[in-house]
Amino acid sequence: MENNLPVNIREYQELAKKALPKMHYDYINGGAEDEHTLRDNIAAYGRILLRPRVLVDVSNIDMSINLLGYDMPSPIIVAPTGSHKLANPEGEVATARAAAACNTLMVLSFSASCKIEEVASSCDAIRFYQLYVFKNRDISATLVQRAESHGFKAIVLTVDTPMLGRREADIRNKMVAPANANLEGLMPIDDLDTTDGSKLEKYVRDTLDPSLSWKDVEWLKSITSLPILLKGIVTAEDARKAVEAGAASIIVSNHGARQLDYAPATISALEEVVKAVAGAVPVLVDGGVRRGTDVLKALALGARAVMVGRPVLYGLAARGQAGAKHVIEMLNRELELAMALCGCRSVAEITRDRVQTEGDRFRSLL
(Lines give C-alpha, C1' and ligand atoms only; values in the text may rest on other atoms or scores of the structure.)
Protein backbone atom coordinates (compact mmCIF):
# COMPACT_ATOMS: atom_id res chain seq x y z
CA MET A 1 0.00 0.00 0.00
CA GLU A 2 2.76 2.46 1.02
CA ASN A 3 4.47 1.93 -2.35
CA ASN A 4 1.25 2.77 -4.08
CA LEU A 5 0.28 6.12 -2.59
CA PRO A 6 -2.81 7.97 -3.78
CA VAL A 7 -1.95 10.60 -6.37
CA ASN A 8 -4.91 12.93 -5.74
CA ILE A 9 -7.68 13.75 -3.28
CA ARG A 10 -10.28 11.71 -5.15
CA GLU A 11 -8.20 8.58 -4.60
CA TYR A 12 -7.93 9.39 -0.88
CA GLN A 13 -11.71 9.74 -0.78
CA GLU A 14 -12.09 6.25 -2.27
CA LEU A 15 -9.69 4.81 0.33
CA ALA A 16 -11.56 6.60 3.13
CA LYS A 17 -14.85 5.16 1.91
CA LYS A 18 -13.36 1.64 2.04
CA ALA A 19 -11.77 2.21 5.46
CA LEU A 20 -14.74 3.67 7.33
CA PRO A 21 -18.07 2.23 8.50
CA LYS A 22 -20.85 3.54 6.26
CA MET A 23 -22.39 5.60 9.08
CA HIS A 24 -19.11 7.46 9.66
CA TYR A 25 -18.27 7.95 5.99
CA ASP A 26 -21.78 9.33 5.38
CA TYR A 27 -21.40 11.67 8.36
CA ILE A 28 -18.10 13.08 7.04
CA ASN A 29 -19.19 13.20 3.41
CA GLY A 30 -22.85 14.12 3.56
CA GLY A 31 -24.67 17.40 3.07
CA ALA A 32 -28.10 18.88 3.69
CA GLU A 33 -31.31 17.61 2.09
CA ASP A 34 -30.94 17.13 -1.71
CA GLU A 35 -27.19 17.84 -1.47
CA HIS A 36 -27.45 20.32 -4.34
CA THR A 37 -25.03 22.74 -2.69
CA LEU A 38 -22.74 19.83 -1.73
CA ARG A 39 -22.34 18.94 -5.41
CA ASP A 40 -22.18 22.58 -6.52
CA ASN A 41 -19.40 23.46 -4.05
CA ILE A 42 -17.17 21.23 -6.20
CA ALA A 43 -18.86 21.71 -9.59
CA ALA A 44 -18.67 25.53 -9.39
CA TYR A 45 -14.86 25.34 -9.40
CA GLY A 46 -15.14 23.37 -12.64
CA ARG A 47 -16.99 26.27 -14.29
CA ILE A 48 -14.07 28.67 -13.70
CA LEU A 49 -11.29 28.58 -16.30
CA LEU A 50 -7.68 29.68 -15.92
CA ARG A 51 -5.98 32.27 -18.19
CA PRO A 52 -2.31 31.28 -18.12
CA ARG A 53 0.44 33.76 -18.99
CA VAL A 54 3.52 32.22 -20.64
CA LEU A 55 7.20 33.02 -21.04
CA VAL A 56 7.48 34.17 -17.43
CA ASP A 57 10.54 33.09 -15.45
CA VAL A 58 8.94 30.74 -12.92
CA SER A 59 12.13 29.13 -11.59
CA ASN A 60 11.27 30.49 -8.14
CA ILE A 61 7.69 30.22 -6.88
CA ASP A 62 6.81 31.90 -3.57
CA MET A 63 3.50 30.67 -2.12
CA SER A 64 3.87 32.43 1.22
CA ILE A 65 1.19 34.68 2.68
CA ASN A 66 0.55 36.67 5.84
CA LEU A 67 -2.73 36.16 7.69
CA LEU A 68 -3.56 38.34 10.71
CA GLY A 69 0.14 38.97 11.24
CA TYR A 70 1.23 35.33 10.94
CA ASP A 71 3.57 34.34 8.11
CA MET A 72 2.63 31.09 6.43
CA PRO A 73 4.44 29.14 3.69
CA SER A 74 1.21 28.59 1.76
CA PRO A 75 -2.36 29.91 1.62
CA ILE A 76 -3.79 26.44 2.33
CA ILE A 77 -5.02 25.95 5.91
CA VAL A 78 -6.91 23.18 7.70
CA ALA A 79 -10.61 23.96 8.19
CA PRO A 80 -12.43 23.06 11.41
CA THR A 81 -14.16 19.69 11.05
CA GLY A 82 -15.60 17.67 13.91
CA SER A 83 -14.97 14.26 15.39
CA HIS A 84 -11.63 13.25 13.87
CA LYS A 85 -11.60 10.08 15.99
CA LEU A 86 -14.31 8.79 13.64
CA ALA A 87 -11.61 8.84 10.95
CA ASN A 88 -8.67 7.69 13.06
CA PRO A 89 -8.22 6.73 16.73
CA GLU A 90 -5.60 9.46 17.25
CA GLY A 91 -8.13 12.05 16.16
CA GLU A 92 -7.27 15.75 16.11
CA VAL A 93 -3.84 15.13 17.64
CA ALA A 94 -2.83 13.32 14.43
CA THR A 95 -4.32 16.12 12.30
CA ALA A 96 -2.54 18.78 14.36
CA ARG A 97 0.80 17.01 13.95
CA ALA A 98 0.21 16.61 10.21
CA ALA A 99 -0.57 20.31 9.88
CA ALA A 100 2.42 21.30 12.02
CA ALA A 101 4.74 19.14 9.89
CA CYS A 102 3.62 21.21 6.88
CA ASN A 103 3.82 24.52 8.81
CA THR A 104 0.11 24.80 8.12
CA LEU A 105 -2.36 26.63 10.33
CA MET A 106 -5.09 24.38 11.76
CA VAL A 107 -8.46 25.48 13.06
CA LEU A 108 -9.53 23.12 15.84
CA SER A 109 -13.25 22.34 15.78
CA PHE A 110 -15.52 22.97 18.72
CA SER A 111 -16.79 19.41 18.01
CA ALA A 112 -13.32 17.91 18.38
CA SER A 113 -12.94 14.43 19.81
CA CYS A 114 -9.63 15.42 21.48
CA LYS A 115 -9.32 17.96 24.27
CA ILE A 116 -8.10 21.50 23.58
CA GLU A 117 -5.25 20.81 26.02
CA GLU A 118 -4.21 17.56 24.27
CA VAL A 119 -4.05 19.24 20.88
CA ALA A 120 -2.15 22.24 22.29
CA SER A 121 0.51 20.06 23.88
CA SER A 122 0.81 17.63 20.94
CA CYS A 123 3.02 19.90 18.83
CA ASP A 124 4.17 23.47 18.36
CA ALA A 125 2.13 25.36 15.76
CA ILE A 126 -0.15 28.31 15.12
CA ARG A 127 -3.74 27.25 15.76
CA PHE A 128 -7.16 28.92 15.82
CA TYR A 129 -10.19 27.66 17.76
CA GLN A 130 -13.66 27.34 16.24
CA LEU A 131 -16.61 28.12 18.50
CA TYR A 132 -20.36 27.70 18.62
CA VAL A 133 -22.37 29.85 20.98
CA PHE A 134 -24.35 27.77 23.46
CA LYS A 135 -27.68 28.53 25.10
CA ASN A 136 -25.57 28.53 28.24
CA ARG A 137 -23.06 31.30 27.43
CA ASP A 138 -20.81 30.22 30.31
CA ILE A 139 -19.90 27.04 28.42
CA SER A 140 -18.79 29.01 25.36
CA ALA A 141 -16.90 31.48 27.57
CA THR A 142 -15.07 28.64 29.34
CA LEU A 143 -14.02 27.11 26.00
CA VAL A 144 -12.74 30.47 24.74
CA GLN A 145 -10.70 30.94 27.92
CA ARG A 146 -9.26 27.42 27.65
CA ALA A 147 -8.28 27.98 24.01
CA GLU A 148 -6.77 31.38 24.78
CA SER A 149 -4.77 30.10 27.78
CA HIS A 150 -3.40 27.21 25.67
CA GLY A 151 -1.98 29.45 23.00
CA PHE A 152 -4.68 29.46 20.33
CA LYS A 153 -4.28 32.69 18.36
CA ALA A 154 -7.82 33.47 17.19
CA ILE A 155 -11.46 32.48 17.60
CA VAL A 156 -13.43 31.36 14.56
CA LEU A 157 -17.10 31.93 15.33
CA THR A 158 -19.43 29.84 13.19
CA VAL A 159 -22.46 31.98 12.41
CA ASP A 160 -24.53 29.79 10.05
CA THR A 161 -25.83 27.27 12.60
CA PRO A 162 -28.68 28.66 14.74
CA MET A 163 -30.13 25.20 14.11
CA LEU A 164 -28.69 22.09 12.52
CA GLY A 165 -29.28 21.54 8.80
CA ARG A 166 -31.24 18.45 7.84
CA ARG A 167 -28.60 15.85 7.01
CA GLU A 168 -30.71 12.96 5.82
CA ALA A 169 -27.95 10.34 5.70
CA ASP A 170 -27.34 10.90 9.44
CA ILE A 171 -31.04 10.61 10.15
CA ARG A 172 -31.31 7.42 8.10
CA ASN A 173 -28.20 5.95 9.74
CA LYS A 174 -29.37 7.05 13.23
CA MET A 175 -26.01 8.73 13.59
CA VAL A 176 -24.97 9.10 17.23
CA ALA A 177 -23.36 12.38 18.26
CA PRO A 178 -19.72 11.49 18.90
CA ALA A 179 -18.54 12.44 22.39
CA ASN A 180 -17.28 16.01 22.49
CA ALA A 181 -14.18 15.74 24.68
CA ASN A 182 -14.15 19.47 25.44
CA LEU A 183 -17.60 19.45 27.05
CA GLU A 184 -16.72 16.92 29.76
CA GLY A 185 -17.62 18.46 33.10
CA LEU A 186 -19.40 21.39 31.42
CA MET A 187 -22.61 19.57 30.52
CA PRO A 188 -23.93 16.01 30.38
CA ILE A 189 -22.59 14.54 27.14
CA ASP A 190 -23.86 10.95 27.35
CA ASP A 191 -27.57 11.62 27.64
CA LEU A 192 -28.32 11.42 23.93
CA ASP A 193 -30.84 8.63 23.77
CA THR A 194 -33.55 9.25 21.20
CA THR A 195 -35.41 6.95 18.89
CA ASP A 196 -36.39 9.63 16.38
CA GLY A 197 -33.86 10.16 13.63
CA SER A 198 -30.41 11.60 14.15
CA LYS A 199 -29.28 11.77 17.77
CA LEU A 200 -26.91 14.47 16.60
CA GLU A 201 -29.88 16.65 15.69
CA LYS A 202 -31.41 16.38 19.15
CA TYR A 203 -28.09 17.16 20.82
CA VAL A 204 -27.69 20.31 18.74
CA ARG A 205 -31.29 21.38 19.30
CA ASP A 206 -30.76 21.10 23.06
CA THR A 207 -27.51 23.06 23.10
CA LEU A 208 -27.10 25.56 20.26
CA ASP A 209 -28.75 28.95 20.57
CA PRO A 210 -31.20 29.89 17.78
CA SER A 211 -31.33 33.45 19.16
CA LEU A 212 -27.67 34.01 18.14
CA SER A 213 -27.37 37.48 16.58
CA TRP A 214 -24.92 40.33 15.91
CA LYS A 215 -25.05 41.37 19.56
CA ASP A 216 -23.41 38.04 20.44
CA VAL A 217 -20.38 39.02 18.35
CA GLU A 218 -20.13 42.03 20.67
CA TRP A 219 -20.43 39.69 23.66
CA LEU A 220 -17.63 37.48 22.32
CA LYS A 221 -15.40 40.52 21.75
CA SER A 222 -16.01 41.53 25.37
CA ILE A 223 -14.69 38.22 26.79
CA THR A 224 -11.55 37.73 24.68
CA SER A 225 -8.70 39.80 23.33
CA LEU A 226 -8.15 37.33 20.48
CA PRO A 227 -9.14 38.33 16.93
CA ILE A 228 -12.53 36.96 15.88
CA LEU A 229 -13.14 35.49 12.43
CA LEU A 230 -16.76 35.04 11.35
CA LYS A 231 -17.32 31.80 9.46
CA GLY A 232 -20.44 31.17 7.39
CA ILE A 233 -21.00 34.40 5.43
CA VAL A 234 -22.09 34.20 1.77
CA THR A 235 -23.63 37.64 1.01
CA ALA A 236 -22.37 41.19 0.58
CA GLU A 237 -24.92 42.44 3.14
CA ASP A 238 -23.61 40.21 5.93
CA ALA A 239 -20.00 40.85 4.91
CA ARG A 240 -20.49 44.59 5.44
CA LYS A 241 -22.17 43.97 8.81
CA ALA A 242 -19.30 41.70 9.83
CA VAL A 243 -16.76 44.45 9.16
CA GLU A 244 -18.91 46.93 11.12
CA ALA A 245 -19.12 44.43 13.99
CA GLY A 246 -15.32 44.35 14.21
CA ALA A 247 -14.59 40.94 12.69
CA ALA A 248 -10.86 40.48 12.02
CA SER A 249 -11.64 38.30 9.00
CA ILE A 250 -14.55 36.77 7.13
CA ILE A 251 -14.75 33.13 6.05
CA VAL A 252 -17.00 32.57 3.07
CA SER A 253 -18.52 29.20 3.96
CA ASN A 254 -21.76 27.26 3.65
CA HIS A 255 -20.66 24.78 6.33
CA GLY A 256 -19.52 22.23 3.76
CA ALA A 257 -23.09 22.35 2.37
CA ARG A 258 -24.35 20.75 5.60
CA GLN A 259 -26.71 23.57 6.62
CA LEU A 260 -28.93 25.30 4.02
CA ASP A 261 -29.29 23.43 0.75
CA TYR A 262 -29.46 25.74 -2.30
CA ALA A 263 -27.19 28.26 -0.60
CA PRO A 264 -24.65 29.37 -3.21
CA ALA A 265 -21.45 27.41 -3.80
CA THR A 266 -18.79 29.25 -1.81
CA ILE A 267 -16.55 29.97 -4.82
CA SER A 268 -19.60 31.54 -6.51
CA ALA A 269 -20.25 33.79 -3.49
CA LEU A 270 -16.61 34.72 -2.87
CA GLU A 271 -16.27 37.67 -5.22
CA GLU A 272 -19.47 39.34 -3.96
CA VAL A 273 -18.09 39.22 -0.41
CA VAL A 274 -14.60 40.37 -1.43
CA LYS A 275 -16.05 43.40 -3.24
CA ALA A 276 -18.29 44.30 -0.28
CA VAL A 277 -15.40 44.12 2.18
CA ALA A 278 -13.21 46.24 -0.14
CA GLY A 279 -9.95 45.24 1.53
CA ALA A 280 -11.04 46.13 5.09
CA VAL A 281 -10.34 42.59 6.36
CA PRO A 282 -8.92 39.42 4.77
CA VAL A 283 -11.52 37.08 3.24
CA LEU A 284 -11.05 33.30 3.44
CA VAL A 285 -13.09 30.62 1.71
CA ASP A 286 -13.79 26.94 2.32
CA GLY A 287 -15.88 24.22 0.65
CA GLY A 288 -15.22 22.17 -2.47
CA VAL A 289 -11.44 22.57 -2.70
CA ARG A 290 -10.02 19.36 -4.18
CA ARG A 291 -7.13 20.61 -6.35
CA GLY A 292 -4.32 23.14 -6.32
CA THR A 293 -6.02 24.79 -9.30
CA ASP A 294 -9.09 25.33 -7.05
CA VAL A 295 -6.87 27.20 -4.59
CA LEU A 296 -5.45 29.34 -7.39
CA LYS A 297 -8.98 30.18 -8.59
CA ALA A 298 -10.04 31.24 -5.09
CA LEU A 299 -6.95 33.43 -4.67
CA ALA A 300 -7.59 35.06 -8.06
CA LEU A 301 -11.13 35.89 -6.95
CA GLY A 302 -9.83 37.65 -3.86
CA ALA A 303 -9.38 35.07 -1.10
CA ARG A 304 -6.37 35.60 1.18
CA ALA A 305 -6.31 31.92 2.11
CA VAL A 306 -8.27 28.74 1.47
CA MET A 307 -9.51 26.28 4.08
CA VAL A 308 -9.62 22.55 3.38
CA GLY A 309 -11.87 20.26 5.42
CA ARG A 310 -13.00 16.90 4.08
CA PRO A 311 -9.81 16.10 2.11
CA VAL A 312 -7.79 16.17 5.34
CA LEU A 313 -10.29 13.76 6.91
CA TYR A 314 -10.00 11.47 3.86
CA GLY A 315 -6.23 11.39 4.36
CA LEU A 316 -6.66 10.76 8.08
CA ALA A 317 -9.13 7.92 7.51
CA ALA A 318 -7.01 6.28 4.81
CA ARG A 319 -3.52 6.55 6.31
CA GLY A 320 -3.70 8.34 9.66
CA GLN A 321 -1.35 11.24 10.37
CA ALA A 322 0.79 10.41 7.32
CA GLY A 323 -2.29 10.54 5.09
CA ALA A 324 -3.44 13.90 6.44
CA LYS A 325 0.08 15.28 5.92
CA HIS A 326 0.25 13.86 2.39
CA VAL A 327 -3.07 15.51 1.47
CA ILE A 328 -1.77 18.93 2.57
CA GLU A 329 1.54 18.36 0.76
CA MET A 330 -0.24 17.26 -2.41
CA LEU A 331 -2.42 20.37 -2.50
CA ASN A 332 0.64 22.56 -1.90
CA ARG A 333 2.55 20.88 -4.73
CA GLU A 334 -0.45 21.18 -7.06
CA LEU A 335 -0.78 24.87 -6.23
CA GLU A 336 2.93 25.45 -6.86
CA LEU A 337 2.66 23.78 -10.27
CA ALA A 338 -0.54 25.66 -11.18
CA MET A 339 1.12 28.97 -10.27
CA ALA A 340 4.14 28.15 -12.43
CA LEU A 341 1.98 27.13 -15.39
CA CYS A 342 -0.12 30.30 -15.01
CA GLY A 343 2.97 32.49 -14.86
CA CYS A 344 2.42 33.56 -11.24
CA ARG A 345 5.66 33.75 -9.25
CA SER A 346 4.00 34.85 -6.02
CA VAL A 347 0.53 34.93 -4.49
CA ALA A 348 0.44 38.67 -5.24
CA GLU A 349 0.67 37.85 -8.95
CA ILE A 350 -2.46 35.65 -8.82
CA THR A 351 -4.64 38.51 -10.04
CA ARG A 352 -8.27 38.58 -11.13
CA ASP A 353 -7.32 38.42 -14.83
CA ARG A 354 -5.91 34.91 -14.33
CA VAL A 355 -9.42 33.44 -14.21
CA GLN A 356 -12.53 33.52 -16.35
CA THR A 357 -15.81 32.91 -14.52
CA GLU A 358 -19.20 32.11 -16.00
CA GLY A 359 -20.14 35.74 -15.37
CA ASP A 360 -17.09 36.91 -17.34
CA ARG A 361 -18.10 34.71 -20.29
CA PHE A 362 -21.65 35.98 -20.14
CA ARG A 363 -20.56 39.63 -20.00
CA SER A 364 -18.19 39.11 -22.95
CA LEU A 365 -21.22 38.12 -25.06
CA LEU A 366 -23.17 41.29 -24.25
Side-chain angles (χ1 to χ4, degrees), residues 5-6 8-32 35 38-39 41-42 76-102 104-114 118-119 122 125 127-130 156 158 165 167 169-170 173 175-181 200 231 251 253-259 266 285-291 294-295 306-332 334:
L5 289 182
N8 60 40
I9 304 257
R10 249 189 313 273
E11 291 184 4
Y12 264 112
Q13 183 173 356
E14 284 304 308
L15 288 180
K17 189 172 185 176
K18 290 190 182 105
L20 294 172
K22 183 180 189 304
M23 178 189 278
H24 295 169
Y25 177 78
D26 287 353
Y27 171 71
I28 289 168
N29 217 45
E35 299 189 334
L38 184 71
R39 291 185 296 275
N41 265 356
I42 293 174
I76 296 166
I77 62 188
V78 177
T81 51
S83 314
H84 288 202
K85 281 187 180 175
L86 293 182
N88 180 276
E90 290 177 28
E92 287 77 7
V93 164
T95 312
R97 287 180 174 146
C102 302
T104 297
L105 187 144
M106 171 182 171
V107 185
L108 179 67
S109 170
F110 166 89
S111 311
S113 41
C114 294
E118 280 178 89
V119 174
S122 68
R127 277 179 286 267
F128 294 176
Y129 183 70
Q130 179 259 332
V156 174
T158 295
R167 304 165 193 177
D170 293 344
N173 292 333
M175 176 67 192
V176 179
N180 183 327
L200 188 65
K231 176 177 180 286
I251 302 170
S253 173
N254 53 34
H255 211 111
R258 294 159 82 81
Q259 284 297 99
T266 44
V285 65
D286 73 8
V289 173
R290 299 295 180 270
R291 285 282 185 191
D294 296 339
V295 178
V306 171
M307 299 174 82
V308 178
R310 288 186 183 94
V312 177
L313 284 172
Y314 299 150
L316 191 65
R319 294 179 56 238
Q321 182 179 323
K325 177 172 178 267
H326 189 214
V327 163
I328 298 166
E329 288 170 341
M330 255 185 338
L331 285 169
N332 278 325
E334 287 182 15

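From a predicted model like this one, the values you see are computed outputs, not experimental measurements. Counting begins at 1 with the first residue of the sequence.
In this structure, Q321 and A98 approach most closely via the heavy-atom pair O-CB, 3.6 Å. Considering all non-hydrogen atoms of both residues, M23 and N173 come closest at CE-O, 2.8 Å. Contact detail for M307 and P80: the closest heavy-atom pair is CE-CD, 3.4 Å. Scanning both residues, V93 and S122, for their nearest heavy atoms gives CG1-CB, 3.8 Å. Among all heavy-atom pairs drawn from A19 and A317, the shortest one is CB-O, 3.7 Å. Listed here is the closest heavy atom pair of T81 and R310: CG2-N, 4.5 Å.
In this structure D294 satisfies the salt bridge (Lys or Arg N to Asp or Glu O under 4.0 Å) test with no other residue, sequence neighbours excluded.
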Take D286 and S253, measure what side-chain hydrogen bond (donor to acceptor under 3.5 Å, both in side chains) needs, and give me the verdict at the end.
CA-CA 6 Å; D286 73 8; S253 173; 2.9 Å; yes
What's the verdict on side-chain contact (heavy atoms from CB on, under 4.5 Å) for V327 and I9, showing C-alpha distance, side-chain angles and the deciding distance?
CA-CA 7 Å; V327 163; I9 304 257; 3.6 Å; yes
Can N88 and R319 be said to form a side-chain contact (heavy atoms from CB on, under 4.5 Å), step by step?
CA-CA 9 Å; N88 180 276; R319 294 179 56 238; over 6 Å; no
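Using a cut-off of 4.0 Å between Lys/Arg side-chain N and Asp/Glu carboxylate O, E329 and K325 are scored as salt-bridged. Classification of R167 and D26 as a salt-bridged pair fails, no side-chain N sitting under 4.0 Å from a carboxylate O.
Under the 4.5 Å side-chain criterion, counting only non-hydrogen atoms from C-beta, V308 is in contact with I76. Proximity of L331 to V306: side-chain heavy atoms (C-beta onward) are nowhere separated by under 4.5 Å. Two residues are said to be in side-chain contact when any heavy atoms from C-beta on lie closer than 4.5 Å; Y25 and Q13 meet this criterion. In this structure the side chain of L105 never reaches within 4.5 angstrom of the side chain of V78, judged on heavy atoms. Inter-residue side-chain proximity for Q259 and N254 is flagged as unmet; no heavy-atom pair is nearer than 4.5 Å.
One finds the NE2 atom of H24 at 14.0 Å from the CG atom of N29 (value rounded to the nearest 0.5 Å). One finds the CG atom of L108 at 8.5 Å from the CD atom of Q130 (value rounded to the nearest 0.5 Å). Note that the OH atom of Y12 and the CG atom of L313 stand 13.5 Å from one another [nearest 0.5 Å]. Here the CG-NE2 distance, from L316 to H84, works out to 7.0 Å after rounding to the nearest 0.5 Å. Within the model, atoms CD1 of I328 and SG of C102 stand 4.5 Å from one another, a figure rounded to the nearest 0.5 Å. A distance of 11.5 Å separates CG of N8 from CZ of R290, quoted to the nearest 0.5 Å.
Of the possible donor and acceptor atoms, one in the side chain of S113 sits under 3.5 Å from a partner among the backbone N and O of K85. Judged by distance alone, with hydrogens and angles left aside, the side-chain atoms of E35 form a donor-acceptor pair with the main-chain N or O of G31 at under 3.5 Å. Panel note: side chain S109, backbone S111; a donor-acceptor pair is recorded below 3.5 Å. Judged by distance alone, the side chain of T266 and the main-chain N or O of G287 form a donor-acceptor pair under 3.5 Å.
Counting only residues at least two apart or on different chains, no salt bridge (charged side-chain N to carboxylate O under 4.0 Å, His left out) pair has a member in residues 86-97.
Under the 6.0 Å distance and 45° angle rule, R258 counts as a cation-pi partner of Y27.
With a 6.0 Å radius and a threshold of 12 heavy atoms from other residues, nucleotides or ligands, R39 has its CZ atom above the threshold.
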